[in-house]
Each structure stands twice: as C-alpha cells, then as structure tokens.
Amino acid sequence: MPSIQALQRRLRLLRRLDLQEDSGVTLIELLITMIIFSIITGFVYGLLIQVQKQSSDVQARNESVGNARIAIEQIDRQVRSGNVLYDPAAETLPLSMRVYTQANGVERCVQWQVYSGTLRMRSWSPTWQTDSLVSPWSTVARGIQNTASSPPFALQGGSTAYGSRLVDVSLKVKDPKSSGQVIDVSTSLSGRNTQYGFDPGVCAPVPAA
C-alpha cells in the first residue's frame, strides 16, 4: 500500500493540475485576441469588397463592349449593301451617319447617331413624305463616349456619295457603372454589294429628329 506521504504528494499534484485547468485567460489576453480577430476580419471584408467591385467593373465593361460590337455588326450589314454612303462630316445631325441600303432586299434610308451616351438608329422609306414610313429611334448600345472631337463615323475618300466605299467606325465605350478606362471599338466597313447609279439625294430630306 502507498504510504501516507505518497498519497499527500499525489493530492498536492492533483490540486496543482486543477488550478492550472481553471486558470483560463486574462482580460488583457482576451482583448488582444479580439483586436487581432477584428483586424483580420476587416482585411478579409475589404478584400472581398475589392474583388466584388473588380468583378462588377469587368462585367459592365464586357457588356458595353459586347453591345457596341453587335451594333457594328448591324452597321456592317447595312454598309455592305449600301447604295449611297453619305459623308458623316457633312451631316446636319451631330455625330450621325446615313446609308441608303438594300439590306435584306428592302431599300431603306438608315441613320445612326451617338446621342446622350447611347448609340441609336432609325430608318425611313425614300418616299416617307408620301407614305409616312419613318421608324422611331431605337437604342442599340449604351455607354458610348464619342464627342465632336472624336466622331464615331468617317467616310474615306472625300465628301461625294460615290467617292469612297469604306466607312470607319470608332465607338468609344465606357459603362457609367465601371471605373475602368474608355475602350475603343473600331473597324472599317466596306460597301461590297453596292450598285451604282442611284440618286445621291434619295435620302433627302431627312425626317425631323
């Protein structure tokens, strides 16, 4: 049997272990832990907000550029079958372009314009003064930043209707929700299916805007 002294030593040891287990942490240690946790939490939340903002910027930018490219595809179809291409620099409507086209087998006058941050279009019949066939403006793309110093349309080769069959389109795109830079979506379109001999005044006068 263990001696009384051995039992006493074991009892003292058990008491010390109990005291160590019940000691816990001090208030200062708890405050330091909370401060460190708050700093780490704030850093993580700040990183998440930054990533979310960057993702929103990329999504808005891609959407604006995608819409601008779709609009250029529509312009390309009309210019490709354009019978008369009017010089945008001579247009009375600012930042606009006119095309007399037979796209899809229908002869129409089509007008494109950058207006109030949007790219819009409309069309009318060459005999609109008698048949009143004039479509309203429809918005094709948003976030367009072109100004008079950076016109969206240009006709190469002079101001005559038959002077050139190449149209330069340069759309400056920036979504208002994006903090990124302005993106230039540019291309040159050729009137490949043109048939000559049309009256250059076929799309005049222009309906009121």
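- Judged purely by distance below 3.5 Å, without hydrogens or angles, the side chains of Thr147 and Ser149 pair a donor atom with an acceptor atom.
- Between Ser186 atom OG and Asp168 atom CG the span is 8.5 Å, to the nearest 0.5 Å.
- In terms of modelled atom types and a separation under 3.5 Å, the side chain of Tyr100 and the main chain of Tyr86 share no donor-acceptor contact.
- Looking at heavy atoms from C-beta onward, Ile183 lies out of side-chain contact with Lys174 at the 4.5 angstrom threshold.
- At least one side-chain heavy atom of Val110 sits under 4.5 Å from a side-chain heavy atom of Met121.
- Closest approach of Gln111 to Ser96, counting heavy atoms only: NE2-OG, 4.0 Å.
- In Leu47, the CG atom is crowded: over 12 heavy atoms of neighbouring residues, nucleotides or ligands sit closer than 6.0 Å.
- Ser135 and Arg122 share no donor-acceptor pair across their side chains, judged by distance under 3.5 Å alone.
- Within the 4.5 Å cutoff, the side chain of Val206 has no heavy atoms near those of the Leu93 side chain.
- Contact of the Ile35 side chain with the Thr33 side chain is not registered, since no non-hydrogen atoms from C-beta on lie closer than 4.5 Å.
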side-chain hydrogen bond (donor to acceptor under 3.5 Å, both in side chains) evaluation trace for Ser123 with Arg108: CA-CA 6 Å; Ser123 65; Arg108 299 282 288 182; 3.2 Å; yes

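- With Gln145 contributing its side chain and Gly117 its backbone, the two residues share no donor-acceptor pair below 3.5 Å.
- Placement of Trp124 and Leu85 in two distinct hydrophobic clusters is found when ILVMFWY residues are connected by side-chain heavy-atom separations under 4.5 Å, directly or transitively.
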Apply side chain to side chain contact (heavy atoms under 4.5 Å, CB included) to Ile144 and Lys172, showing your working. CA-CA 6 Å; Ile144 308 300; Lys172 297 188 177 299; 5.9 Å; no

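- Checked by atom type and distance alone, the side chain of Asn146 pairs as donor or acceptor with a backbone atom of Ser170 at under 3.5 Å.
- Placement of Leu189 and Val140 within a single hydrophobic cluster is found when ILVMFWY residues are connected by side-chain heavy-atom separations under 4.5 Å, directly or transitively.
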Intermediate values then yes/no, side chain to side chain contact (heavy atoms under 4.5 Å, CB included), Val182 and Val173: CA-CA 5 Å; Val182 176; Val173 182; 5.9 Å; no

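- A donor-acceptor pair shorter than 3.5 Å can be found between the side chains of Trp112 and Gln78.
- Between Gln129 and Pro205, some side-chain heavy-atom pair lies under the 4.5 Å cut-off.
- Rounded to the nearest 0.5 Å, atoms OG (Ser150) and CG (Leu171) are 10.0 Å apart.
- For Thr118 (side chain) and Arg120 (main-chain N/O), no donor-acceptor pair under 3.5 Å exists by modelled atom type.
- Under the ring-ring contact (aromatic ring centres under 6.0 Å, His included) criterion, Phe153 pairs with no residue at all, not counting sequence neighbours.
- Taken from CG in Asn67 to CD1 in Ile72, the straight-line distance is 11.5 Å, to the nearest 0.5 Å.
- Between Phe37 and the choices Thr41, Ile39, Ile40, the side-chain contact (heavy atoms from CB on, under 4.5 Å) rule is met once, by Thr41.
- No side-chain heavy atom of Val79 sits less than 4.5 Å from a side-chain heavy atom of Ser190.
- Thr101 is not listed as a side-chain neighbour of Asn83, based on a closest heavy-atom distance of 4.5 Å or more.
- Val84 places none of its side-chain heavy atoms less than 4.5 Å from the side chain of Val99.
- Remark: Leu119 CG to Ile75 CD1 distance equals 5.5 Å, nearest 0.5 Å.
- When all heavy atoms of Pro152 and Val114 are compared, the pair lying nearest together is CG-CG2, 3.6 Å.
- The same ILVMFWY cluster, assembled from side-chain heavy atoms under 4.5 Å apart, contains both Ile36 and Val44.
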